[in-house]
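Okay, so here's the structure we're looking at.
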Amino acid sequence: MAADVTTTEEWQALRKHADEIRATHLRDLFAGDPARGERLTVEVADLYVDYSKNLVTDETLGLLTALAERVGLTERIAAMFAGSHINGTEDRAVLHTALRLPRDAALRVDGQDVVADVHAVRQRMAEFAEQVRAGQWRGHTGERIRTVVNIGIGGSDLGPVMAYEALKAYRDGGISCRFVSNIDPTDIHDTTADLDPASTLFVVVSKTFSTQETLANAHQARRWLLAGLDAGEEAVAKHFVAVSTNAPRVSDFGIDPANMFGFWDWVGGRYSLPSAVGLSVLLAIGPARFDELLAGYHAVDEHFRTAPPARNAPVLLGLLNIWYTNFLGAQTHAVLPYSQYLHRFPAYLQQLTMESNGKSVRTGGQAVSYDTGEIFWGEPGTNGQHAFYQLLHQGTRLVPADFIGFTEPNHDIGDMHDLFMSNFFAQTAALAFGRTAEQVAAEGTPAALVPHRVMAGNHPSTTIVADRLTPATLGQLVALYEHIVLTEGAIWDINPFDQWGVELGKVMANQLAPLLTGDRAELADLDSSTAALIRRYRAERRRD
Ligand SMILES: O=P(O)(O)OC[C@H]1O[C@H](O)[C@H](O)[C@@H](O)[C@@H]1O
């Protein structure tokens, strides 16, 4: 059993060192090292990562990488790539990296040729997508498919919707996508309201094919389709395909297994975008672009697998997050993409990071004695600037922030992109260096206002820049964050690949459902709050 990480000398050294850093300002760190802004950077594939505006010195980075070595991070990375069952509570390998291995790679896990399996599904997906995009696959009435509705939730929704939105500039082939996730009936109602069933294809995505929300939405979609076409069950085959690991349940639903695209239990839902779960994105952008997305992921996988910790971008960024969470007291982490196309990226990262590392039990079953799981949040710039940046600049909390931007816009209009990016560069500089009382006074500010206009600075950020938002750079960004998650999980000695905490709410919702639908009346065994709420609800719904 591994020792509690807080008892290691590396952790203790970092704790002591944190006191020194608290007394240091980024202004001094930059003044003392004119090359800092170029030195504390790392390039990974097409991403330029500048971590110089973080509250660290070379000593901090040395101590953090020593901590990583102490907990065996390098071995853990190797174990993941090799297909060891590092998801201990479910006794599973963790192999989302295998989804993006090139065709000529070799990986056998538990006796299976994983690369051959992955590429066989990719091939079927590509062929299907080409048929739909070319108008060879048509709906029941002979109409071309124009709209794809992805029905799924959690990892079966957030990855596809994020990537579809991010890659809108690469859409071709005449297919647009919509996404239904919530069991709130307004979601499917509004999403289908103006659609023509004859030209609509539903992609039902569920790893387990047992998720209440997804099944309820899929059943409603089927009713909507058959009513709209005035057709019988035979129409389903041309308008429904499934993505799942569970073939029997897919066929129970009435989808022909020939129209199912599989994946494997070694792909966690929140890591599943590069599997068949990305089918709706593939339908929108085509197989060649989808391959570029996966190649982008793979480039960062290779970097993570082979680069030494001190030059390894996901390792460095993961360790910085540990530094802020466990030594400097940060509670949250802002992610601020300067790209409107990345507007769902923070929501996607919330599941990736918080469902992965929101754990309080170590791999061996002991309770943790330290904070885990950062709280990720954010909005695209510049919208965030006019909303919550005030707190980042002058509030009392430490909020490390990731700024993500692109040199070239997807649509170049006048000087708008230059104006946009001037905000991007200005914000990280303003956060880091602020404005002193002397500077504010020298501008002629009335004395009483000076304290209000002082910007303390010293607010840390990391800047990630790529030339352009492309399928490849999107894959690189996602893989970067996936591996940051693994790095943090290794330091915290938790399993980032299970999600037992989501279960209780699901079980209880299933128990309560008959009380709301009127199939069961007895409220006596409920707590008084829940019983009163349901009594009131039922009275309003006139079920009593
Ligand atoms: O893909 P599904 O099996 O339908 O699961 C959808 C989602 O359900 C859950 O509750 C899990 O917490 C998520 O990790 C998962 O992505």
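Whatever order the structure lists them in is the order used to number ligands and atoms, beginning at 1.
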>> What I want to know is whether Gly155 and ligand 1 share at least one N or O pair that is separated by under 3.5 angstrom.
In response: yes
> Taking NZ, NE, NH1 and NH2 as the nitrogens, is one of them in Arg133 or Asp172 under 4.0 Å from a carboxylate oxygen of the other?
Replying inline: yes
> At the 4.0 Å heavy-atom cut-off, does Glu503 count as touching ligand 1?
Replying inline: no
> Going by atom types only, do Ser369 and Asp4 share a side-chain donor-acceptor pair under 3.5 Å?
Replying inline: yes
> For atom 7 (C) of ligand 1, which protein heavy atom lies nearest, and how many Å away is it?
Replying inline: Ile153 O, 3.8 Å
>> Please list, in number order, the atoms of ligand 1 under 4.0 Å from a heavy atom of Gln499.
In response: 12 (O)
>> For Val502, give me all partners under side-chain contact (heavy atoms from CB on, under 4.5 Å), at least two apart in sequence or on another chain.
In response: Glu355, Gln499, Lys506
> What residue and atom, counting heavy atoms only, is the protein's closest point to atom 8 (O) of ligand 1, and at what distance?
Replying inline: Lys506 NZ, 4.1 Å
>> List ligand 1 atoms under 4.0 Å from Val502, heavy atoms only on the residue side.
In response: 10 (O), 12 (O)
>> Within the 4.0 Å heavy-atom shell around Gln351, which atoms of ligand 1 are there?
In response: 13 (C), 14 (O), 16 (O)
>> Between Glu127 and Gln123, do the side chains contain a donor N or O and an acceptor N or O under 3.5 Å apart?
In response: yes
> So is Glu355 polar-close to ligand 1, meaning N/O to N/O under 3.5 Å?
Replying inline: yes
> Is the closest N or O pair between Ser156 and ligand 1 shorter than 3.5 Å?
Replying inline: yes
>> Please list, in number order, the atoms of ligand 1 under 4.0 Å from a heavy atom of Thr211.
In response: 2 (P), 3 (O), 4 (O), 5 (O)
> Using a heavy-atom cut-off of under 4.0 Å, does the side chain or the backbone of Thr208 touch ligand 1, or both, or neither?
Replying inline: both
> Would Tyr348 and Tyr481 count as a close aromatic pair, with their ring centres under 6.0 Å?
Replying inline: no
> Does the side chain of Ser356 pick up a donor-acceptor pair with the side chain of Arg270 at under 3.5 Å?
Replying inline: yes
> Would you say Glu213 contacts ligand 1, with heavy atoms under 4.0 Å as the rule?
Replying inline: no
> Charged N to carboxylate O below 4.0 Å: is that the case for Arg178 and Asp194?
Replying inline: yes
Using residues 196-204 as the side-chain source, report each donor-acceptor pair under 3.5 Å to any protein atom, sequence neighbours left out, with the distance given to one decimal.
{"from": "Asp196", "atom 1": "OD1", "to": "Ala198", "atom 2": "N", "distance (Å)": "3.0"}
{"from": "Ser199", "atom 1": "OG", "to": "Asp196", "atom 2": "O", "distance (Å)": "3.4"}
{"from": "Thr200", "atom 1": "OG1", "to": "Asp196", "atom 2": "O", "distance (Å)": "2.7"}

>> Can you tell me how the ring of Tyr271 sits relative to the ring of His96, calling it parallel under 30°, perpendicular over 60° and tilted otherwise?
In response: parallel
>> Please classify the Lys207 to ligand 1 contact at 4.0 Å (heavy-atom distances, strictly less than): side chain, backbone, both or neither.
In response: both
>> Show me which atoms of ligand 1 lie under 4.0 Å from any heavy atom of Gly154.
In response: 16 (O)
